[in-house]
Amino acid sequence: MTFLRLITFAAVCAMTACQSVPDAQATKLAVAPDVAQSKAITVAVRKAMGRSDLDMDPGRLIDTSILIVRPIAVSGITDRVPGTPTRFTLMRNADSCYLLEAGGGIRIPLPDLPCQ
């Protein structure tokens, strides 16, 4: 009886392993983001990272899939920046676009953006 359960379990595992999930791939924006889209990306990144003192250029996503988010330097202390830059990659999976932090720690959905 135990052997039959083991065979059944192995068969179910084998069948579910054959299901395919579309792979996500790095992408770029199809068109340059307008002011509202750039603001939406900036707000989404700041909210996901829990910081408001970040600098980024979402317009670069038309040329590259990498978005570099930098902390803003403290005025008067130019050699001290509160943190290090964070790299995000613009990814596409089926019809949705999202930013994925290097290392996979943060995933930021970006609905309504025209990805290639």
Side-chain angles (χ1 to χ4, degrees):
M1 191 65 151
T2 304
F3 183 72
L4 182 59
R5 287 183 184 171
L6 183 61
I7 295 294
T8 304
F9 177 74
V12 169
C13 287
M15 286 187 286
T16 58
C18 293
Q19 295 178 356
S20 65
V21 176
D23 292 333
Q25 59 185 10
T27 188
K28 298 185 248 180
L29 293 179
V31 296
D34 60 21
V35 174
Q37 290 170 330
S38 292
K39 184 170 177 71
I41 293 169
T42 302
V43 168
V45 170
R46 287 178 176 171
K47 183 177 179 182
M49 294 184 71
R51 296 181 65 166
S52 61
D53 61 337
L54 299 172
D55 180 42
M56 66 198 85
D57 182 12
R60 289 183 40 105
L61 292 174
I62 188 96
D63 298 321
T64 180
S65 61
I66 303 296
L67 178 67
I68 299 174
V69 179
R70 297 171 300 278
I72 298 172
V74 177
S75 61
I77 310 174
T78 57
D79 62 336
R80 295 189 185 152
V81 177
T84 58
T86 305
R87 292 173 53 104
F88 287 92
T89 303
L90 183 64
M91 303 292 288
R92 179 174 54 109
N93 189 357
D95 293 332
S96 64
C97 292
Y98 58 93
L99 287 170
L100 184 63
E101 180 186 20
I106 299 174
R107 181 179 170 154
I108 304 169
L110 298 173
D112 304 326
L113 280 181
C115 294
Q116 293 181 354

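Keep in mind that the numbers below use all heavy atoms, side chains included, and drop hydrogens, waters and symmetry copies. These figures come from a predicted structure and were not determined experimentally.
Nearest approach of P71 to R51, heavy atoms of both residues: CB-NH2, 3.7 Å. Residues K28 and I62 approach most closely at CD-O, 3.6 Å, considering heavy atoms.
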TODO: Give the C-alpha distance, both sets of side-chain angles, the deciding distance and a yes or no for side chain to side chain contact (heavy atoms under 4.5 Å, CB included) between M56 and T42.
DONE: CA-CA 7 Å; M56 66 198 85; T42 302; 4.1 Å; yes
Task: Step-by-step side chain to side chain contact (heavy atoms under 4.5 Å, CB included) determination, L29 to V31 - done: CA-CA 5 Å; L29 293 179; V31 296; over 6 Å; no
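Put simply, the side chain of T64 does not reach to within 4.5 Å of the side chain of L90, judged on heavy atoms. By the 4.5 Å heavy-atom criterion applied to side chains, T86 and L54 are not counted as neighbours. Looking at heavy atoms from C-beta onward, F88 lies out of side-chain contact with R107 at the 4.5 angstrom threshold.
In this structure, the side-chain contact (heavy atoms from CB on, under 4.5 Å) partners of A26, at least two apart in sequence or on a different chain, are S65, T89, M91. Not counting sequence neighbours, the partners of S38 by the side-chain contact (heavy atoms from CB on, under 4.5 Å) test are P33, P58.
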Less than 3.5 Å apart, which donor and acceptor atoms pair up between the side chains of residues 96-104 and the rest of the protein, not counting sequence neighbours?
{"residue": "S96", "atom": "OG", "partner": "N93", "partner atom": "O", "Å": "3.1"}
{"residue": "E101", "atom": "OE1", "partner": "I106", "partner atom": "N", "Å": "3.1"}

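Residue pairs satisfying the salt bridge (charged side-chain N to carboxylate O under 4.0 Å, His left out) criterion with at least one member in residues 54-64, sequence neighbours excluded, are listed as follows: D55-R70.
Other members of the hydrophobic cluster containing I66, listed by chain and number, are I68; membership follows side-chain contacts under 4.5 Å among ILVMFWY residues, whether direct or relayed.
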